[in-house]
Amino acid sequence: MSRRTLYAILSIGLIGTFLGHGAWAIGGKDTFIELLTGSVDHVFGATMSADTGEAIVRVIGGVDLVLAAAMTLMLVGALRG
């Protein structure tokens with residue numbers, strides 16, 4: 001297996017991961033919101049409302065989707081070049 005093939009396989013897996021998590025986060029998946037608000041509570045001893053947690057999770061999801069798009073462009077460039 002060539003390095004180029006291995007790079008493509010690993011890149012597609014990574015892009016899929018970012019796409020999946022980003023889509024769930026944009027959709028406001030409850031488990032992501034609970035994970036964030038619970039982490040803030042347990043790690044920092046502060047409370048975060050569910051609305052604030054949802055807004056932050058949606059922003060993180062947007063960043064994930066942008067990163068997935070950038071990685072897709074990088075993969076296409078690497079395969080073409």
Linking I/L/V/M/F/W/Y whenever their side-chain heavy atoms sit closer than 4.5 Å, directly or via other members, would Leu10 and Leu19 fall into one cluster?
no

message = What I'd like to find out is whether the side chain of Ile15 reaches to under 4.5 Å of the side chain of Leu75, using heavy atoms alone.
response = yes

Rounding to 0.5 Å, atoms OH (Tyr7) and CD1 (Ile12) come to a distance of 10.5 Å

Between the NE2 atom in His21 and the CD1 atom in Ile60, the distance rounded to the nearest 0.5 Å is 12.0 Å

So CG of Leu67 and CG of Leu14: to nearest 0.5 Å the spacing works out to 9.0 Å

d(Leu36 CG, Met48 CE) to nearest 0.5 Å is 4.5 Å

d(Arg58 CZ, Lys29 NZ) to nearest 0.5 Å is 13.0 Å

For Gly61 and Ala25, the nearest pair of non-hydrogen atoms, with its separation, is CA-CB, 3.5 Å

Nearest heavy-atom approach of Thr37 to Ser49 is CG2-O, 3.9 Å

All heavy atoms of Phe18 vs all of Met71, minimum pair found to be CD1-CE, 3.3 Å

Nearest heavy-atom contact between Ala50 and Ile33 is O-CG2, 3.9 Å

Hydrophobic cluster identity match, Ile56 and Trp24, side-chain contacts under 4.5 Å
yes

*Counting N and O atoms only, with roles assigned by atom type, does the side chain of Arg4 sit under 3.5 Å from a partner on the main chain of Ala78, one being a donor and the other an acceptor?*
yes

task = Give the C-alpha distance, both sets of side-chain angles, the deciding distance and a yes or no for side chain to side chain contact (heavy atoms under 4.5 Å, CB included) between Met1 and Ile9.
result = CA-CA 11 Å; Met1 180 180 300; Ile9 292 169; 4.2 Å; yes

Quiz prompt | Thr72 (side chain) donor-acceptor with Ala68 (main chain) under 3.5 angstrom | solution = yes

- prompt: Does CZ in Arg3 sit with more than 12 non-hydrogen atoms of other residues, nucleotides or ligands closer than 6.0 Å?
  reply: no

Taking every heavy atom of Leu79 against every heavy atom of Ala8, the minimum-distance pair comes out as CD2-CB, 4.2 Å

